[in-house]
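To start, the structure under review is shown below, and the notes come after it.
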Amino acid sequence: MNKKSLLVTAFVICSSFLTQAQWTKYRFETARMGSPFRIIVSTQDSIGLSNTIKKAQTLAENLEMQLSDYQPISDLSQVNQRAGTGQFYPIQEPFKAILKESLLAYQYSHGNLTIFIGKLVAAWRNARKTKELPASHMLQDWVKALQSPCLEFNADSSAIRLTNSVCQLDVGSIGKGFVAQRVLDFLVKSGYPYALVDAGGKISASQVNPQGDVWKVGLELPNSKKISTDFLEIKNQSIASSGKTYQQVEIAGKSYSHVINPKTGLGLEHARSATAIAPDGAQADWIATAATIMEIEDIKIMLQRFPRVQVLVWEYQNGELEILLNHGILKVD
């Protein structure tokens with residue numbers, strides 16, 4: 001594929017093809033985490049599949065009820081409501097797992113990605129509605145407060161607390177990929193090893209059939225809703241993208257992304273987008289987001305720790321597409 005034909009995107013649309021006619025593809029769709037939630041299962045025997053899908057969708061719902069900041073009764077919201085009070089709140093295994101991965105993300109991204117920016121996220125959500133920038137002094141105060149440790153576990157690690165009221169959890173940079181992977185793992189363990197789960201564009205997939213055929217993932221073009229004619233192939237992998245295609249706001253002539261730099265408190269102003277392919281959904285999700293924030297050389301250093309991860313970073317300005325980093329995704333002539 002030469003550079004002139006590169007077609008890349010900030011958000012993934014799933015597509016797949018079966019090479020063995022006897023394997024039937026079943027699609028199921030609902031809504032979770034504010035986005036379409038799709039499951040595709042490739043199987044020769046659909047007996048019992050409907051019941052398994054119901055259980056998979058219930059699992060996704062339960063995970064959302066633990067991790068959503070939109071749900072006031074979710075575990076995450078309950079933790080946030082107690083921030084700075086000294087009270088611990090009990091959490092379940094999935095919550096612990098996403099915290100563990102998020103702390104690794106913070107470490108490996110050198111602080112460029114953190115899940116403790118809930119207040120900043122809320123402020124920028126409001127900015128998208130009001131078309132007014134959050135107060136700079138407020139952002140500065142919050143950024144300074146976030147430089148101190150935010151999270152504490154109790155003695156047996158069964159409960160957590162946030163150390164001050166500025167620390168508020170938001171797992172938007174990792175949550176959908178995490179849920180997609182958990183649901184895929186459940187399907188595989190339930191006897192459906194050939195499946196794909198799409199949580200709002202964060203995709204986790206096994207393989208299409210026992211022959212090892214790949215899933216083919218179509219991409220949207222940057223800054224548009226057109227679908228590329230090129231495809232990426234994934235098998236026993238996850239793929240996620242992050243960028244400004246959908247969630248952005250223009251204020252006083254400047255365009256700000258929904259992705260926030262925790263070191264400045266500001267939405268990103270550049271037009272950078274990124275796609276990551278990784279062995280795990282949560283990992284693909286946070287790496288794609290971090291790659292929109294970090295300097296390119298820092299991304300290269302980070303990727304030395306993840307030999308199975310592929311990353312593509314690009315910017316699209318004034319009608320021109322510039323590839324900033326192609327780490328194993330695009331085949332270039």
Side-chain angles (χ1 to χ4, degrees), residues 1 6-16 32-38 101 105 109 112-113 171-181 184 196-205 214-235 237-248 255-261 267-268 270-294 296 299 302-303 306 308-317 321-331:
M1 182 183 296
L6 295 181
L7 296 173
V8 292
T9 185
F11 293 90
V12 176
I13 305 230
C14 76
S15 175
S16 61
R32 290 266 71 88
M33 300 167 287
S35 301
F37 188 85
R38 304 181 180 96
E101 186 67 24
S109 71
N112 284 285
L113 190 138
V171 296
S173 60
I174 191 173
K176 289 180 180 178
F178 178 85
V179 173
Q181 186 68 56
L184 176 66
L196 178 150
V197 180
D198 176 1
K202 317 299 183 179
I203 294 176
S204 292
V214 299
W215 294 94
K216 296 186 178 182
V217 180
L219 303 178
E220 282 184 294
L221 304 183
N223 297 336
S224 77
K225 296 183 181 179
K226 297 180 181 179
I227 299 176
S228 165
T229 57
D230 293 312
F231 295 90
L232 298 178
E233 297 181 346
I234 60 173
K235 181 174 71 173
Q237 294 170 302
S238 296
I239 183 170
S241 294
S242 182
K244 293 176 65 176
T245 302
Y246 289 110
Q247 297 189 59
Q248 58 182 309
S255 179
Y256 297 91
S257 170
H258 72 291
V259 178
I260 298 170
N261 185 336
L268 301 181
H270 57 62
R272 184 190 295 182
S273 297
T275 293
I277 298 175
D280 176 80
Q283 186 181 72
D285 202 352
W286 75 254
I287 287 179
T289 303
T292 66
I293 304 172
M294 300 171 65
I296 297 299
I299 298 172
M302 178 183 72
L303 290 176
F306 304 107
R308 298 171 63 191
V309 173
Q310 305 166 55
V311 172
L312 180 70
V313 185
W314 70 93
E315 281 194 85
Y316 191 80
Q317 292 183 330
L321 177 65
E322 180 181 0
I323 303 299
L324 304 178
L325 175 64
N326 177 22
H327 185 79
I329 288 187
L330 296 178
K331 297 178 181 178

**Request:** State whether the side chain of H270 and the backbone N or O of T292 hold a donor-acceptor pair below 3.5 Å, judged by distance alone.
**Result:** yes

All heavy atoms of I234 vs all of A205, minimum pair found to be CD1-CB, 3.9 Å

What one should report as the nearest heavy-atom pair of V311 and I287 is CG2-CG2, 3.8 Å

S257 and G243 have their tightest heavy-atom pair at OG-O, 4.3 Å

Practice item. Using a 4.5 Å cut-off on heavy atoms from C-beta on, say whether the side chain of W314 contacts that of N326. Key: no

- prompt: Taking C-beta and beyond as the side chain, do V179 and R32 meet within less than 4.5 Å on heavy atoms?
  reply: no

For A199, the side chain to side chain contact (heavy atoms under 4.5 Å, CB included) test, sequence neighbours excluded, returns M33, F37, K176, A180

If you define the side chain from C-beta out and look only at heavy atoms, does anything of P279 sit under 4.5 Å from V309? yes

To the nearest 0.5 Å, atom CG of L312 lies from atom CG of L325 at 7.5 Å

(Q) Determine whether a donor-acceptor pair (N or O, by modelled atom type, separation under 3.5 Å) exists between the side chain of K202 and the backbone of S241. (A) yes

Here the pair of heavy atoms bringing I299 nearest to R272 is CD1-NH1, 4.3 Å

By side chain to side chain contact (heavy atoms under 4.5 Å, CB included), A284 pairs with (sequence neighbours left out) S238, A240, A278

Between Q181 and G281, the two heavy atoms sitting closest are OE1-N, 2.9 Å

T289 meets the side chain to side chain contact (heavy atoms under 4.5 Å, CB included) criterion, sequence neighbours left out, with L113, S173, S242, V259, D285

| task | Tell me, with the steps shown, if Q237 and V214 meet side chain to side chain contact (heavy atoms under 4.5 Å, CB included). | result | CA-CA 10 Å; Q237 294 170 302; V214 299; over 6 Å; no

In this structure, CD1 of I239 is separated from CG of L232 (nearest 0.5 Å) by 5.0 Å

Yes or no on side chain to side chain contact (heavy atoms under 4.5 Å, CB included) for W286 and E101, after CA distance, side-chain angles and deciding distance? CA-CA 9 Å; W286 75 254; E101 186 67 24; 2.9 Å; yes

For Q310, the side chain to side chain donor-acceptor pair (under 3.5 Å) test, sequence neighbours excluded, returns none

Are the side chains of F306 and Q283 in touch, meaning some heavy atoms are under 4.5 Å apart?
yes

Heavy atoms of I329 and T275 approach each other most closely as CD1-O, 3.6 Å

